[in-house]
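For reference, the structure discussed in these notes is given below.
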Amino acid sequence: MLGKKVVIFTIAAFGFTWLMWLPLLMNRQWELHLPFVPGQFYLGSFGPLFGAAVTAAVSGGREALVAWVKRAFSLRFGGKWLLIAIGLPILYGIIAVSTHALITGAWPNWSQFGLTEKLPKLNVWMTAVVWMLTFGIGEESGWRGYLLPELHKRYSLMYSSLIVALIWMLWHAPEFAFNPNYMAMGWGVIGWAISLSYGSVLLAWLCKGSGWSILPVVIWHGGFDLLTASDQAALVMAMVCSMLVIIHGIFLSKKMAQTTPEG
């Protein structure tokens, strides 16, 4: 049954996202000038949410769908996990900004902090909300809100998080054909894959600690995207934040590998 759920989830999540991103890819690769709506790239982020909803409904009907929503969006988690979700990105930011100043000899332009040309005319707070509502809720409701706890019924939390990481990586595949940041990675894709893997480990720890609620994870994800996806983060800050996630993930790995499945 687990294998069937993973297949349904993957087909639905990938199908939704890749369909949203297809015009962007074709326009970039073949200059076809296909029409698309503003923000269509961000609409693609809801693929994992769609995949979770479809899989829950197909596998268990309305009862399973309601149970997933109640679990994933529950407010019943300790304040400790909310503080961690807020505090970690702040800590990343302090270290990243300081490293940027040390390496470049200048502090970042504070008026442009967290901003990106992908979201023009938005201030830093509005940008953070967009990240949390799209790639925060859109992704995490599927990766950590549905797929991870299902896998953890059979596997350790560590192994489950790595399976999620692999599927998560493949989900991003079209971006390497239209997203300038991904297209410019080159061999940096290895570092990206390592960072994403340990990011999956860290978020699995945060989500399980929060009683499988994704809300602290969404806050963390939004804060991390604010730091790493901003235009001026490309030089130093994104790399520093990724390294910090890898270090934290390594620290958590041994303990998580010893967790027993919950099924």
Backbone of [Y] reached by a side-chain donor or acceptor of [X] within 3.5 Å:
{"X": "S210", "Y": "P216", "result": "no"}
{"X": "T55", "Y": "G51", "result": "yes"}
{"X": "Q232", "Y": "N109", "result": "yes"}
{"X": "H100", "Y": "I103", "result": "no"}

Original post:
Just how far is it from atom CE of M26 to atom CG of L34, taken to the nearest 0.5 Å?
Top reply: 5.5 Å
**OP:** Calculate, to the nearest 0.5 Å, the distance between atoms CZ and CE belonging to F50 and M20 respectively.
**Re:** 10.0 Å
**OP:** Give every residue pair that meets the side chain to side chain donor-acceptor pair (under 3.5 Å) criterion with at least one member in residues 113-137, sequence neighbours excluded.
**Re:** T116-D231
**OP:** Mind jotting down which residue pairs meet the side chain to side chain donor-acceptor pair (under 3.5 Å) criterion with at least one end in residues 26-46? Sequence neighbours excluded, please.
**Re:** none
Would you say that [X] contacts [Y] through its side chain, given a criterion of any heavy-atom pair below 4.5 Å between the two side chains?
{"X": "L196", "Y": "H172", "answer": "yes"}
{"X": "Y92", "Y": "M237", "answer": "no"}
{"X": "I219", "Y": "L215", "answer": "no"}
{"X": "I167", "Y": "V6", "answer": "yes"}

Flag if over 12 foreign heavy atoms under 6.0 Å of [atom1], [X]:
{"X": "M243", "atom1": "CE", "value": "no"}
{"X": "F36", "atom1": "CZ", "value": "no"}
{"X": "Y159", "atom1": "OH", "value": "no"}

**OP:** For the pair W220 and F224, name the ring-plane relationship: parallel under 30°, tilted 30 to 60°, perpendicular over 60°.
**Re:** parallel
All N/O donor-acceptor pairs, side-chain side in residues 62-76, below 3.5 Å, sequence neighbours left out:
residue : atom : partner : partner atom : Å
W68     : NE1  : S141    : O            : 3.4
R71     : NH2  : G145    : O            : 2.9
S74     : OG   : R76     : N            : 3.0

Original post:
Just checking, any donor-acceptor pair under 3.5 angstrom between side chains of T17 and W171?
Top reply: yes
**OP:** Going by the ring-ring contact (aromatic ring centres under 6.0 Å, His included) test, name the single residue among F176, Y198, W187 that passes it with W192.
**Re:** F176
Subject >> Smallest separation among heavy atoms of I214 and E140, with atom names >> reply: CG2-O, 3.5 Å
